[in-house]
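Taking it in order: structure first as structure tokens, then the write-up.
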Protein chains: 2
Amino acid sequence: MITREIALIQINQKSASHDGGERCGDCPIRYRAVCAHCETDELALLEDMKFYRSFDPGQPIVWEGDRMEFVGSVVTGVAALTQTLEDGRTQMVGLLLPSDFLGRPKREIAAYNAVAATKVVLCCFRRKPFEDMMRTTPHVAHRLLEMTLDELDAAREWMLLLGRKTAREKIASFIAIIARREAALQKRDPGGRMRIELPLTREAMADYLGLTLETVSRQISALKRDGVIELVGKRAINLPDFARLVEESGDDSDGGYLS
Amino acid sequence: MITREIALIQINQKSASHDGGERCGDCPIRYRAVCAHCETDELALLEDMKFYRSFDPGQPIVWEGDRMEFVGSVVTGVAALTQTLEDGRTQMVGLLLPSDFLGRPKREIAAYNAVAATKVVLCCFRRKPFEDMMRTTPHVAHRLLEMTLDELDAAREWMLLLGRKTAREKIASFIAIIARREAALQKRDPGGRMRIELPLTREAMADYLGLTLETVSRQISALKRDGVIELVGKRAINLPDFARLVEESGDDSDGGYLS
DNA sequence: CGACTAGTTGATTCGTCTCAATCAACGTGG
DNA sequence: CCACGTTGATTGAGACGAATCAACTAGTCG
């Protein structure tokens, strides 16, 4: 497991393309990322300090202990934050979706590994000017607080999953989370029948859920056998009945938050 | 397990004393809580909106779904945030120590249960004036962001524990966390020999670690047998060698963060 | 004193991990 | 074009760790 990861790093180290700057006004995450509350003048400041980077699936974005000269937002794709024990056991501790923020102001040394799970485009801000802006204008700091509080809520729900759910419930919960996100993107209810695309390999799902990849595979097969899900290839799933899936997840039926 | 908790609630519902206001200048958490960065004029604003409440061990502070008319800081004692599955399985998702913040601005409905683990004194701020202050003065919002980012880091370390550590490693990690905190309070290194006081019952430790209380008891006994810890009564521990404990925790030796 | 709580310990069960074989899809070089 | 290696995934057999069920102890309170 360790040697496999090292191989991955070496293979992928080669390419990390830098692209030219697009306009913030056209950005797909304009109203959900750290910049959400910014006025046009603040947006201009951000335009000045930003640059884009892309990463291929499996490619590391930063490594724990590395100096990080930027912070930034996921524009498209999915990235995973992971932590590792000395003997190689790894646990995913963050799943960054479009608009999620990577890095921490005032911390130059990365505390986690970040790996692209799919193709990822990152909107990066040079650290120094971004930190200045945090101090001088309220909107970025305020939005970052909101986002961090949301992440903390997500982390706590995740802790309940890791500490108390069975393997079957973990898988059902994960699929439900992805389904809800998919539904939110399409601005519709996750009710009844729907199709979803899994953004993670079986191994990454195992790291997310605190399981082995074999157990992930077995439980997915079991949910399929029981008619809770239908597999379409390896990475896509049809949900005949979303409510049934939620039952299998062990959560209270509603799970609805009030902001 | 469910019935036991319900009994607890009913027993403890009775008392929640309201105390008079002490001066912020003398507060033991003056320079670590949300108010840490505040100037004297901002402190005066906070004095106006604050009041104290105390809770006895085992007593609930708020219940998930309750309307919460305040936010606040733990002044003394230890409180636990917990989440539950519908069938009663419980996971602790936050351990609030002195200076830690309870509640979320802009969220009136509590998302978690909070229970006093020891006798707790809470410095409460009335919600509305506190939220106004978040908007109008930068220091409180800024400090809250710092604290929330720290909590997120702690949550992520906790996720690694829940997802990937063995029962023995979980217990060792927990004791190490408490020992480090104790050492920090006394402003000394957690090196060599030291004595610590466990602020949680075996059941609460189990909820923290995603174990059963029997497993907690067994692993504590095992660590004692192996000379890693010495028990003094049920709730106090002597550490002959802190480094040995850290080895047992499975973490990288250092674990040192850079802020 | 008995009732109750917190904790310990034992016997057994059960769920997940570990190790291993197998398969399908894909790319590569001879 | 096909044999070969690689990667991601599935499935099986057996081992092991933690949960469960249960008995028991010590301390505390009324």
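Fair warning: this is a prediction, and the values are worked out from it, not measured in the lab.
- D:dG17 atom C1' lies 15 Å from atom CZ of B:R164, rounded to whole Å.
- Residue-level contact check: B:S221 touches the backbone only, with heavy atoms under 4.0 Å from sugar-phosphate atoms and none from bases.
- Residues A:P190 and A:R180 are in side-chain contact: their nearest non-hydrogen atoms beyond the backbone lie under 4.5 Å apart.
- Applying the ring pair (Phe, Tyr, Trp, His ring centres under 6.0 Å) rule to pairs touching residues 210-242 of chain B yields nothing, sequence neighbours excluded.
- For B:E247, the side-chain contact (heavy atoms from CB on, under 4.5 Å) test picks out B:R244, with sequence neighbours left out.
- Residues passing the side-chain contact (heavy atoms from CB on, under 4.5 Å) test with B:V62 are B:M68, B:A110, B:A114, sequence neighbours excluded.
- Within residues 165-177 of chain B, no residue places a heavy atom under 4.0 Å from DNA chain C.
- For the pair A:L223 CG and D:dT11 P, the interatomic distance rounds to 13 Å; values are reported in whole Å.
- The interatomic distance linking B:L198 (CG) with C:dA6 (C1') rounds to 13 Å, in whole Å.
- With C:dG7, D:dT20, D:dA9 as the candidates, the nucleotide lying closest to the side chain of A:S217 is D:dA9.
- Considering B:K165, B:K170, B:R168 as possible partners of B:E248, the one that fulfils the salt bridge (Lys or Arg N to Asp or Glu O under 4.0 Å) test is B:R168.
- Following rounding to the nearest Å, B:L161 (CG) and D:dA18 (C1') show an atom-to-atom distance of 15 Å.
- Each ring pair (Phe, Tyr, Trp, His ring centres under 6.0 Å) pair with one or both residues in residues 177-206 of chain A, not counting sequence neighbours, would appear here, but there are none.
- Comparing atom distances between the A:E214 side chain and each of C:dT16, C:dG7, C:dC19 picks out C:dC19 as nearest.
- Separating the CZ atom of B:R89 from the P atom of D:dA19 is a distance of 12 Å, rounded to the nearest angstrom.
- Closest to the side chain of B:R218, from the set D:dT20, C:dT16, C:dA20, is D:dT20.
- In this structure, A:R89 contributes its side chain and B:R164 its backbone to a donor-acceptor pair below 3.5 Å.
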- Its contact letters, B for base, S for sugar-phosphate only and - for none at protein heavy atoms under 4.0 Å, make nucleotides 25-30 of chain D read ------
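- Minimum atom distance to the side chain of B:Q219 is reached by D:dA18, of the listed C:dC17, D:dA18, D:dA19.
- Distance, B:L162 CG to D:dG17 C1': 17 Å, rounded to whole Å.
- Residues B:V75 and B:L122 have side chains not in contact (no heavy-atom distance under 4.5 Å, counting atoms from C-beta outward).
- Note on A:T215: every side-chain N or O is 4.0 Å or more away from OP1 and OP2 of C:dT16.
- Taking the side chain of A:L213 as heavy atoms from C-beta on, and the options D:dT10, D:dT20, C:dT8, the nearest nucleotide is D:dT10.
- Straight-line distance from the CZ atom of B:R202 to the C1' atom of C:dT9: 13 Å, rounded to whole Å.
- Between the side chain of A:D100 and the backbone N or O of A:L97, at least one donor-acceptor pair lies under 3.5 Å.
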- Does the pair A:E230 and A:R193 meet the rule for a salt bridge (Lys or Arg N to Asp or Glu O under 4.0 Å), with working shown? CA-CA 11 Å; A:E230 295 159 8; A:R193 193 175 185 79; 3.2 Å; yes
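- For the pair B:K224 NZ and C:dG7 P, the interatomic distance rounds to 13 Å; values are reported in whole Å.
- Considering only side-chain atoms of A:T201, the nucleotide from D:dT10, C:dC17, D:dA9 that sits closest is D:dA9.
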